[in-house]
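Letters go in sequence order (proteins before strands), and every chain restarts at 1. Heavy-atom basis, side chains included; hydrogens, waters and symmetry copies ignored.
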Amino acid sequence: MIVRDQPSSLTLFFVMQGSVVPRIFARMVGVALLSVLVLLVDHHITPLPQISIAAMSIFGIALSLFLGFRNNAAYDRWWEARKLWGAMIADIRSLGRHGSIFLANGPSRARILALAVAFAHLHRGFLRGVDVKPALRDWLDEAESEALIANRNAADAALRQIADELADLTAQEKISGYGQMTFARTLAALAEAQAGCERIMTTPLPFVYSLLVRRTTYLYCWLLPFALIEATGWFAPLLSAIVAYVFFGLQAVTNELELPFRNVQNGLPLDAMCRVIEISVCEALDRTPPPALLPENHVLT
Amino acid sequence: MIVRDQPSSLTLFFVMQGSVVPRIFARMVGVALLSVLVLLVDHHITPLPQISIAAMSIFGIALSLFLGFRNNAAYDRWWEARKLWGAMIADIRSLGRHGSIFLANGPSRARILALAVAFAHLHRGFLRGVDVKPALRDWLDEAESEALIANRNAADAALRQIADELADLTAQEKISGYGQMTFARTLAALAEAQAGCERIMTTPLPFVYSLLVRRTTYLYCWLLPFALIEATGWFAPLLSAIVAYVFFGLQAVTNELELPFRNVQNGLPLDAMCRVIEISVCEALDRTPPPALLPENHVLT
Amino acid sequence: MIVRDQPSSLTLFFVMQGSVVPRIFARMVGVALLSVLVLLVDHHITPLPQISIAAMSIFGIALSLFLGFRNNAAYDRWWEARKLWGAMIADIRSLGRHGSIFLANGPSRARILALAVAFAHLHRGFLRGVDVKPALRDWLDEAESEALIANRNAADAALRQIADELADLTAQEKISGYGQMTFARTLAALAEAQAGCERIMTTPLPFVYSLLVRRTTYLYCWLLPFALIEATGWFAPLLSAIVAYVFFGLQAVTNELELPFRNVQNGLPLDAMCRVIEISVCEALDRTPPPALLPENHVLT
Amino acid sequence: MIVRDQPSSLTLFFVMQGSVVPRIFARMVGVALLSVLVLLVDHHITPLPQISIAAMSIFGIALSLFLGFRNNAAYDRWWEARKLWGAMIADIRSLGRHGSIFLANGPSRARILALAVAFAHLHRGFLRGVDVKPALRDWLDEAESEALIANRNAADAALRQIADELADLTAQEKISGYGQMTFARTLAALAEAQAGCERIMTTPLPFVYSLLVRRTTYLYCWLLPFALIEATGWFAPLLSAIVAYVFFGLQAVTNELELPFRNVQNGLPLDAMCRVIEISVCEALDRTPPPALLPENHVLT
Amino acid sequence: MIVRDQPSSLTLFFVMQGSVVPRIFARMVGVALLSVLVLLVDHHITPLPQISIAAMSIFGIALSLFLGFRNNAAYDRWWEARKLWGAMIADIRSLGRHGSIFLANGPSRARILALAVAFAHLHRGFLRGVDVKPALRDWLDEAESEALIANRNAADAALRQIADELADLTAQEKISGYGQMTFARTLAALAEAQAGCERIMTTPLPFVYSLLVRRTTYLYCWLLPFALIEATGWFAPLLSAIVAYVFFGLQAVTNELELPFRNVQNGLPLDAMCRVIEISVCEALDRTPPPALLPENHVLT
């Protein structure tokens with residue numbers, strides 16, 4: 001996630017970070033060159049068939065609507081993913097309070113909170129496809145970390161481990177039925193948030209949308225120069241490039257937000273959010289919390 | 001569900017899988033041919049009455065809005081269906097944890113989880129209209145499977161069976177009131193997700209929308225060639241075909257997403273999600289989980 | 001609710017069922033005739049003042065947005081109503097499971113489920129304004145049916161009756177506090193769904209929208225012929241009729257979906273959903289369930 | 001809230017009730033007169049600078065989008081407000097059932113329900129800024145009414161009174177912990193609905209939107225006549241007036257829906273909903289319910 | 001938050017408060033001057049290349065859609081933030097009622113409510129980046145205030161303090177398991193609202209949108225004068241300025257609503273809402289409540 005102030009008007013056009021320009025520059029130039037070519041041929045060689053700008057306008061409105069739909073859907077996924085992580089942060093903090101209320105701040109509370117942190121890291125590992133064993137070191141011993149990671153769904157295994165801890169407490173009559181229920185409900189909430197993230201990761205937007213929208217965008221940008229011959233004269237290459245910037249740019253943004261867990265510039269800062277959880281848990285356990293993660297070069301991972 | 005990377009620009013136009021082109025190709029060609037015919041008649045035989053492109057533009061905006069509405073509604077159904085299945089996955093995992101906390105990992109826990117897997121399969125069977133008896137073999141004995149399937153609402157019967165199991169535990173005083181409540185609530189959540197899926201399957205978008213939108217699309221595409229005569233010249237057949245692609249294509253996508261449980265290319269991967277449930281349950285029961293289902297030829301069923 | 005497959009291209013234009021054409025045919029013809037008249041006067045008698053098609057285009061976009069808004073709002077009401085009924089179906093099934101878990105499948109369970117079915121029918125009776133006494137015959141004795149129906153809010157009275165049943169069980173110490181809570185919560189959920197349906201029925205879309213949108217639609221369709229004189233020539237009557245079809249048609253759809261409980265072609269199938277509830281309850285009580293309601297002439301009531 | 005059937009086509013243009021025309025008539029006439037003036041000056045005195053209709057079209061689309069946004073936001077507030085009141089109705093009914101289940105239909109139940117009715121009236125009093133003391137007379141004695149009303153947040157005080165009643169029952173061991181929890185949860189739901197209504201009342205749409213949208217609407221309507229000179233000729237005054245009707249009219253609607261609790265024609269019928277609550281509570285207490293409020297001159301307050 | 005009545009038509013154009021005009025005035029004038037320059041050069045020096053207004057129209061629709069999307073997203077954030085604070089107000093009131101029901105209005109109730117007020121202030125301090133120690137003086141003693149503020153997440157620490165209070169009550173057997181559960185749930189709700197606010201504050205809209213939209217707005221406004229040369233003549237500077245007002249203005253609004261907790265004119269009135277909480281808590285504790293915060297110069301902070 002990029003964290004920076006809005007650039008001033010002056011620097012606005014030179015900010016490259018977080019910009020999609022580098023990725024779509026070739027296409028922008030391509031469309032501009034096509035536009036120049038069309039103009040040259042039309043003026044110096046032979047009049048080309050022209051498309052009325054009004055016809056392109058119908059096409060453009062339809063394209064705007066489709067791009068707009070896909071953009072909305074992708075942004076909703078990104079924001080829902082952030083909401084689910086926010087809910088997980090709140091739920092893990094609640095586990096700490098439950099531990100105070102129902103377990104009298106005993107050792108089981110620390111163990112449950114450590115497993116909850118492990119859950120967050122393991123979930124992040126799944127979503128990002130990274131190895132989180134180093135991150136678990138502060139919370140679980142080596143053997144237990146490895147046992148958890150060996151599971152197909154390691155994050156779910158961490159939640160089961162908490163449940164087993166609660167089962168032990170039950171067997172030892174160290175937890176009341178009220179405590180059981182309260183913990184069970186919070187674990188269920190964590191499981192739901194986890195399943196929500198899995199859903200977003202494993203179920204991309206229907207492939208057919210990508211095809212439909214991307215093909216249409218290409219066709220539109222390639223036909224546009226023929227419509228701009230008369231409508232804009234030598235402004236045509238500039239306008240073509242701008243339209244390509246808007247449409248290809250929006251598409252590139254959409255692609256990044258659609259799968260919000262990847263470690264890309266506009267992805268969600270899973271590392272930083274896991275650290276927020278660690279800080280909260282450390283404070284709940286009266287330990288010195290680690291420092292918050294800071295953006296490096298304006299990017300929070 | 002189609003699972004594949006975004007094709008590169010080069011191959012974009014040749015990907016047929018997941019594309020709607022095959023299904024609407026005839027209509028695209030038809031509109032293009034009509035356009036050629038109109039041009040030929042207009043140029044060589046007799047000037048045809050023309051429709052100003054601006055008039056078509058009003059029509060086109062209205063059509064875009066209606067198609068956009070229907071597309072949004074269909075996508076919402078598809079995504080809600082996926083959310084409901086995601087909630088079911090989380091709830092079944094929660095049943096496992098509840099079993100640890102309230103049933104001390106006893107044999108009833110295994111039985112309840114097996115019935116939960118059966119619930120998922122039976123629900124899938126209802127939504128897809130397929131026979132799921134083979135899938136139940138690993139979880140229930142033959143007689144019980146058949147007894148469940150004999151019900152009008154077999155998935156609901158599986159949930160009732162879990163309730164009966166809990167009633168037995170109650171009679172034997174092997175479960176506390178807290179456990180009863182916690183299980184009852186999770187079962188209610190499963191029942192709600194199930195009823196949600198039934199709602200999406202049995203209540204399509206109002207039929208009148210289909211009529212309104214489809215008729216309008218046809219009229220639009222048939223009138224368009226008359227509007228393009230002057231506006232685009234010999235680009236007309238190409239533009240007609242593209243517009244037909246966009247509008248008929250969006251309609252075809254909508255039709256597939258509207259009923260998201262069918263075994264079509266853009267449908268939801270119910271088989272794979274049932275397998276995810278089986279894996280989670282196996283891990284919860286310390287059994288070796290079956291392999292995850294992989295996409296065959298980019299399609300996950 | 002109309003239940004039928006998408007008609008093929010050929011028959012698409014001849015399907016009258018579920019179509020709004022019959023209801024708006026007069027208006028379509030009226031606009032077309034006005035268009036013919038305008039053309040005749042303009043060509044043969046005296047040139048009429050013309051409205052540029054671009055001016056109508058601004059107007060048309062605004063109208064599309066307002067119609068689109070009203071359509072979205074009406075569809076949301078329709079779909080929310082369906083969701084509420086789906087939730088009621090799930091909740092009544094849950095009552096059955098609660099009865100197994102907390103009442104040991106005793107006679108009170110059957111009584112509670114019968115009252116729940118009565119609740120659904122009585123609620124349907126209120127929403128549709130029909131007499132549901134015959135439908136209660138299978139579930140309650142005559143006197144009790146009549147006592148319930150005598151209430152101003154008969155469905156709420158049925159829920160109260162369930163609460164009284166639970167109060168009796170409490171007095172006889174046949175239900176635990178856990179059971180009380182679980183039932184109380186599910187009854188509250190039923191009450192919320194009921195109040196939601198009452199809300200949709202008694203609170204239509206603000207009347208002022210209807211006025212604004214309907215007046216604007218008429219003005220638009222009456223002015224359109226003047227704008228089409230030059231823009232489309234003798235296509236004008238056809239185009240006028242199509243535009244009238246789209247705008248008046250959407251309005252007619254909206255009117256039907258806005259109040260989704262009425263027994264109209266695009267209304268919700270309350271009868272069929274009550275039957276679904278009866279089937280589920282019969283299965284929960286090990287009785288032979290009645291047959292599902294089937295669409296008659298493609299219409300499910 | 002206006003309650004009346006859709007007017008037929010004939011009477012549609014003469015319905016003044018619920019119409020925004022009276023409020024915006026001056027502005028409509030103003031724009032029409034400006035249009036006449038512009039035409040006269042342009043034809044008889046000196047050609048005026050003209051604005052191409054296409055330029056106005058860009059402007060008009062932007063304006064439509066902004067008006068549409070504000071309209072959506074205002075409608076959402078109105079509908080959310082209605083949902084919150086619907087939830088309150090359901091919750092108060094639930095209090096009655098809880099009283100049966102957990103308080104054995106004892107006198108405390110009647111007292112709690114009376115306080116709940118008082119809560120609804122006091123909340124209405126706050127939202128409407130009216131004195132509700134007469135409405136409380138049937139439910140509480142004079143002294144208690146006055147004590148409640150003396151609070152800064154009288155509705156909240158009524159809920160606290162219910163909590164105190166429950167505290168008394170607890171002290172007398174007349175209510176179980178299950179009952180405490182169930183009541184506490186329903187009271188929390190009522191408090192949430194109340195806070196939701198307070199939110200809608202005290203937090204209008206950001207003021208800056210009103211400025212932006214209203215200014216833009218005025219500028220648009222004042223510039224429009226210059227654009228219509230050539231585009232529509234002597235239709236210009238009519239078209240200007242219609243456009244003013246659409247844009248100013250939508251704005252007037254939005255203003256009314258934005259603050260849905262005021263006693264205006266399109267406001268929510270708080271009096272009638274309080275009466276619905278009274279009826280439900282009377283039926284729950286076996287008292288004769290008062291008659292439902294009926295619309296007077298099509299308006300339900 | 002600005003609290004004032006809608007200005008009348010006359011004063012509408014002279015209200016500067018809450019208006020975005022001061023901030024974007026330079027840009028509006030810049031665009032108008034560019035427009036004058038373009039006209040002068042075109043008329044007196046050399047004809048400039050022109051852009052057809054239709055081409056700008058396509059561009060304008062796309063821009064409207066993107067601005068509309070960003071505006072919707074920002075408004076949703078603002079409104080969700082307000083909802084979360086509304087939920088916190090309701091939850092804190094509920095803590096008071098829970099205290100009556102489960103703690104018999106004892107001293108712990110007052111302590112818990114004081115900590116809840118502290119929670120609200122500390123949360124506000126975090127969101128606004130202000131020192132809230134003075135505000136805590138009425139509720140906690142100096143040492144405790146400082147201890148809380150010393151935490152990295154001070155608001156969370158206040159909730160933990162409440163949990164510790166409940167743990168003490170549990171140790172002294174002064175609270176039942178039902179009370180524990182009820183309090184634990186309400187605390188969890190507060191934690192969720194808190195995490196929601198943190199989410200909104202720390203996760204701005206993706207930076208790439210700002211770049212895309214802002215760049216496009218600038219390009220649009222700079223190109224517009226070339227399109228208006230012929231389309232509007234000497235109206236061009238006025239129209240350019242209006243378009244700049246609409247597009248830059250909407251952007252400025254969006255920037256303010258996107259981060260709704262800052263102490264800006266259109267930000268949320270956190271101070272006033274904390275005061276609402278204090279009033280409710282004082283009334284719950286039978287203390288004299290402080291006066292409500294009133295808008296100063298129409299602004300509520």
What part of [X] lies closer than 4.5 angstrom to a heavy atom of chain E: side chain, backbone, both or neither?
| X | answer |
| --- | --- |
| A/Ser94 | side chain |
| A/Leu257 | side chain |
| A/Asp91 | side chain |
| A/Phe247 | side chain |
| A/Ala284 | both |
| A/Leu238 | side chain |

Looking at chain E, which one of [options] has the largest number of heavy-atom pairs inside 4.5 Å, strictly under?
| options | value |
| --- | --- |
| A/Glu256, A/Met1, A/His298, A/Met273 | A/Met1 |
| A/Ser176, A/Ser100, A/Ala272, A/Gly86 | A/Ser100 |
| A/Leu67, A/Ile89, A/Val253 | A/Val253 |
| A/Tyr245, A/Tyr178, A/Phe102, A/Phe59 | A/Tyr178 |
| A/Leu103, A/Leu300, A/Ile279 | A/Ile279 |
| A/Leu268, A/Asn105, A/Leu250, A/Val3 | A/Leu250 |

How many angstroms lie between CG in E/Leu166 and NE2 in A/His98, if you round to the nearest 0.5 Å?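 Atom-to-atom, E/Leu166:CG and A/His98:NE2 are 11.5 Å apart.
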
Among [options], single out the residue with the greatest number of heavy-atom pairs under 4.5 Å to chain A.
| options | answer |
| --- | --- |
| E/Met56, E/Arg185, E/Glu165 | E/Arg185 |
| E/Ile175, E/Thr203, E/Thr170 | E/Thr203 |
| E/Leu223, E/Asn255, E/Leu187, E/Leu169 | E/Leu187 |

Residue-level contacts of residues 148-157 of chain E with chain A, using a heavy-atom cutoff under 4.5 Å: E/Asn151, E/Arg152, E/Asn153, E/Asp156

Residues A/Arg93 and E/Glu198 bridged, charged N to O under 4.0 Å: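 Here A/Arg93 pairs with E/Glu198 in a salt bridge, since their nearest N and O are under 4.0 Å apart.
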
Does E/Gln172, at its CD atom, have more than 12 non-hydrogen atoms belonging to other residues, nucleotides or ligands within less than 6.0 Å? yes

Region of [X] in contact with chain A, defined by heavy-atom distances below 4.5 Å:
| X | value |
| --- | --- |
| E/Ala184 | both |
| E/Glu80 | side chain |
| E/Leu212 | both |

For A/Phe69, give me all partners under ring-ring contact (aromatic ring centres under 6.0 Å, His included), at least two apart in sequence or on another chain.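 Only A/Tyr209, B/Tyr75 meet the ring-ring contact (aromatic ring centres under 6.0 Å, His included) criterion with A/Phe69.
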
Judged by atom type as modelled, is there a donor-acceptor pair below 3.5 Å linking the side chain of E/Gln180 to the main-chain atoms of A/Ile101? yes

Contact summary for E/Leu159 and A/Arg97, nearest pair of heavy atoms: O-CD, 3.5 Å

Check whether A/Trp79 forms a cation-pi arrangement with E/Arg199 (NZ or CZ under 6.0 Å from the six-membered ring centre, at most 45° off the ring normal).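 Positive - E/Arg199 is close enough to the ring of A/Trp79 and near enough to its axis.
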
